[in-house]
Amino acid sequence: MSALQVYNSLSRQKETFQPLEAGKVGMYVCGVTVYDQCHVGHARVMVVFDTIYRWLQTSGYAVSYVRNFTDVDDKIIQRAQLANIDIDELTQSMIDAFHRDMDALGCLRPTLEPRATTHMPEMIEMIQALIEKGFAYVADSGDVLYAVRQFAEYGKLSGKNIDELESGSRVDVDHHKHDPLDFVLWKQAKAGEPSWDSPWGKGRPGWHIECSAMSCKHLGATFDIHGGGMDLKFPHHENEIAQARAANGGDFAKYWLHNGFVNINAEKMSKSLGNFFTIAEVLEQYDPEVLRMFILSTHYRSPLDYSDAALDVAKAGLDRLYESKRKLVDVQAGELPQAFVDAMNDDFNTAEAVAILFETCRALNKQYDENLAASFVAMSQMLNILNYEPDVWFQGADVNATAIETLVLARDEAKKAKDYGKADAIRDELLAQGIVLEDSAEGTRWKKV
RNA sequence: GGCAGGGUGGCUCAGUGGUACGGCGGGGGAUUGCAAAUCCCUUAUUCGCGAGUUCGAUUCUCGCCCCUGCCUCCA
């Protein structure tokens with residue numbers, strides 16, 4: 001059995017995965033800020049880490065998977081005011097939408113999904129510790145800020161140099177900051193905004209402290225894996241490290257995993273560029289398995305270019321696999337092929353793993369074999385695809401099946417009578433409706449194009 | 001400018017110090033009444049460009065070109 005290798009952003013190389021505690025893994029993944037619908041970029045993080053979660057479990061680890069919701073933040077407040085609704089109403093509806101998307105995509109629920117607003121004491125406690133240890137200060141504005149220069153290792157994860165950061169700073173510097181790099185831990189409340197009591201008056205936490213506090217609370221001061229999108233590496237994850245390590249002296253996360261972006265026309269899909277498709281929009285056109293397959297077909301650290309054509313290719317691939325699945329009746333999952341295990345152990349190389357699934361598919365089409373069938377099932381279960389019955393996949397759950405089948409029977413009669421003109425006319429008629437026929441020894445099958 | 005990651009067939013996506021996985025598409029064949037599905041064969045001789053190391057590099061090293069991302073909120 002090959003050992004699991006993971007690419008650690010911190011060391012910029014693949015490392016042999018060794019959990020802090022034998023048999024157990026603590027994994028924290030930055031979730032979403034619940035102010036709007038999720039787009040395909042979010043889908044990627046969720047599917048990627050869902051697969052990592054599944055693979056760790058398959059490898060025999062007991063995994064504590066924690067993924068947060070940021071449910072208080074400027075954008076949330078703004079959106080709620082704009083829509084003239086209560087903040088809780090907005091965040092709850094977005095959390096519900098998020099769960100619908102994740103369930104559709106076949107992502108397992110994490111062990112815990114903590115919300116920022118229910119972790120105020122932990123955040124306040126951490127900020128206090130930072131102040132006591134000299135890593136944070138109360139500015140003239142009343143905000144509590146992190147003194148970045150106090151943390152010697154600042155920039156290690158993202159490879160940034162503090163001095164270069166300052167000179168290249170593109171942001172207007174808040175004159176209350178002792179240093180332009182300092183970031184906010186606690187914001188003073190403004191009129192009409194939600195706020196919580198704290199030693200520094202009514203206010204709310206900064207974004208970065210949320211994840212530090214929630215991850216440490218649920219996984220400890222030192223845990224195994226911290227994940228998220230590449231764009232979070234700086235400043236978010238850098239700041240998380242600075243906060244958590246300074247506050248409790250632990251090592252914080254041992255392995256940092258970052259997934260690549262979803263691009264559209266070679267450009268990052270993002271809210272700010274406005275070039276995004278929400279998951280819900282995509283699912284109006286494509287089955288969730290198509291989106292999952294699309295994501296798994298590329299290595300998680302590579303860029304992934306989104307287009308209808310790319311989704312069509314994912315769909316075509318699934319069609320091919322589902323044709324194979326037709327041969328499998330009551331087959332139980334067997335052993336995963338060694339090549340598949342090796343691929344997954346090589347930094348979760350799902351692209352390679354999918355290739356092996358296709359190879360098995362071809363072998364199975366060529367000649368049916370029980371062991372191959374059993375591993376085919378094991379692989380598809382691991383990747384959490386091919387969950388439909390083939391007929392449902394190809395025919396859909398639509399109702400007018402009887403009308404189609406009537407025509408199919410009529411054509412079979414014509415064929416028997418060698419009236420091929422009539423038979424072909426019926427086939428053409430069905431094709432015009434988007435129905436394709438397949439004759440086989442077992443009879444005629446139909447499927448939607 | 002700094003940092004990170006890329007440039008592999010028509011498209012897409014893996015990978016390796018000894019000329020390259022898989023998918024989609026194209027061509028040919030088998031099968032079929034004809035199709036569809038499936039199978040077989042085929043579809044990269046610059047693996048961005050140049051140089052170096054090596055018996056040998058697409059894979060290592062150096063330089064260059066181009067692309068994307070981060071450096072502000074962002075999965």
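Just so we're on the same page: letters track the sequence lines, and every chain starts at 1.
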Could you state the atom-to-atom distance from [atom1] of [X] to [atom2] of [N] in whole Å?
X: Asp36(A); N: C73(B); atom1: CG; atom2: P; result: 19 Å
X: Glu238(A); N: C3(B); atom1: CD; atom2: P; result: 15 Å
X: Leu296(A); N: A14(B); atom1: CG; atom2: P; result: 12 Å
X: Lys315(A); N: G23(B); atom1: NZ; atom2: P; result: 17 Å
X: Glu323(A); N: A36(B); atom1: CD; atom2: C1'; result: 9 Å
X: Phe294(A); N: A14(B); atom1: CZ; atom2: P; result: 12 Å
X: Glu240(A); N: A75(B); atom1: CD; atom2: P; result: 13 Å
X: Phe234(A); N: C71(B); atom1: CZ; atom2: P; result: 8 Å

Using the [atom1] atom as the point on both nucleotides, what is the distance between [M] and [N], in whole Å?
N: U45(B); M: G10(B); atom1: P; value: 9 Å
N: U42(B); M: G52(B); atom1: C1'; value: 38 Å
N: G7(B); M: U61(B); atom1: P; value: 15 Å
N: U8(B); M: C67(B); atom1: C1'; value: 15 Å
N: U58(B); M: G18(B); atom1: C1'; value: 12 Å
N: G1(B); M: U59(B); atom1: C1'; value: 31 Å
N: A75(B); M: C65(B); atom1: C1'; value: 31 Å
N: C13(B); M: U38(B); atom1: C1'; value: 24 Å

Distance only, no hydrogens: is a donor on one side chain within 3.5 Å (strictly under) of an acceptor on the other, for Thr278(A) and Gln37(A)? no
Counting heavy atoms from C-beta on, name the nucleotide in [options] closest to the side chain of [X].
X: Thr298(A); options: A75(B), C73(B), A14(B); value: A14(B)
X: Val436(A); options: A75(B), A36(B), G2(B); value: A36(B)
X: Arg12(A); options: A14(B), G33(B), G5(B); value: G5(B)
X: His208(A); options: C34(B), C73(B), G22(B); value: C73(B)

Respond yes when some side-chain nitrogen or oxygen of [X] is under 4.0 Å from OP1 or OP2 of [N], and no when none is.
X: Arg320(A); N: G23(B); result: yes
X: Tyr7(A); N: G5(B); result: yes
X: Lys233(A); N: A4(B); result: no
X: Ser302(A); N: A14(B); result: yes

Pair assignment for [N], Watson-Crick or G-U wobble, requiring both distances under 3.5 Å:
N: U19(B); value: none
N: C39(B); value: G29(B)
N: G5(B); value: C67(B)

Testing the basics here: between Ile279(A) and Ala43(A), what is the closest heavy-atom pair and its distance to 0.1 Å?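 Heavy atoms of Ile279(A) and Ala43(A) come nearest at CD1-CB, 3.7 Å.
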Atom pairs and distances, donor-acceptor, side-chain atoms in residues 371-384 of chain A, under 3.5 Å, two or more places apart:
residue: Ser375(A); atom: OG; partner: Asn371(A); partner atom: O; Å: 3.0
residue: Ser375(A); atom: OG; partner: Leu372(A); partner atom: O; Å: 3.1
residue: Ser380(A); atom: OG; partner: Phe376(A); partner atom: O; Å: 3.1
residue: Ser380(A); atom: OG; partner: Val377(A); partner atom: O; Å: 3.0
residue: Asn384(A); atom: OD1; partner: Asn387(A); partner atom: ND2; Å: 2.9
residue: Asn384(A); atom: ND2; partner: Gly106(A); partner atom: O; Å: 2.7

Using modelled atom types and a 3.5 Å cut-off, is there a donor and acceptor pairing between side-chain atoms of Gln395(A) and backbone atoms of Trp446(A)? yes
Donor-acceptor pair, distance only, cut-off 3.5 Å: does the side chain of Asn8(A) make one with the backbone of Lys254(A)?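 Present.
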Do Tyr420(A) and the base of G33(B) stack face to face, with centres under 5.5 Å apart and an angle between planes under 30°?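 Here the ring of Tyr420(A) and the base of G33(B) are stacked, with centres under 5.5 Å and planes under 30°.
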Within the structure shown, what part of the strands sits under 4.0 Å from [X] by heavy-atom distance: base, sugar-phosphate, or nothing?
X: Arg411(A); value: base
X: Leu232(A); value: sugar-phosphate
X: Lys418(A); value: nothing
X: Asn365(A); value: sugar-phosphate
X: Val354(A); value: nothing
X: Arg362(A); value: sugar-phosphate
X: Val262(A); value: base

Determine whether any donor atom in the side chain of [X] lies under 3.5 Å from an acceptor atom in the base of [N], or the reverse, and answer yes or no.
X: Asn263(A); N: C67(B); result: no
X: Lys271(A); N: C73(B); result: no
X: Asn349(A); N: G15(B); result: no
X: Arg427(A); N: A35(B); result: yes

Using heavy atoms to find the nearest nucleotide of RNA chain B for Ala423(A) and Ala363(A) separately, return the residue whose nucleotide is more 5′. Ala423(A)
Mind checking side chain to side chain donor-acceptor pair (under 3.5 Å) for Lys160(A) and listing every partner two or more places apart, or none if nothing turns up? none
What do you reckon, is NZ of Lys422(A) surrounded by more than 12 foreign heavy atoms closer than 6.0 Å?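 No - once you tally the heavy atoms of other residues, nucleotides and ligands closer than 6.0 Å, there are 12 at most.
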Does any part of the side chain of Glu15(A), heavy atoms only, come nearer than 4.5 Å to the side chain of Tyr7(A), both counted from C-beta?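 Side-chain contact under 4.5 Å: no.
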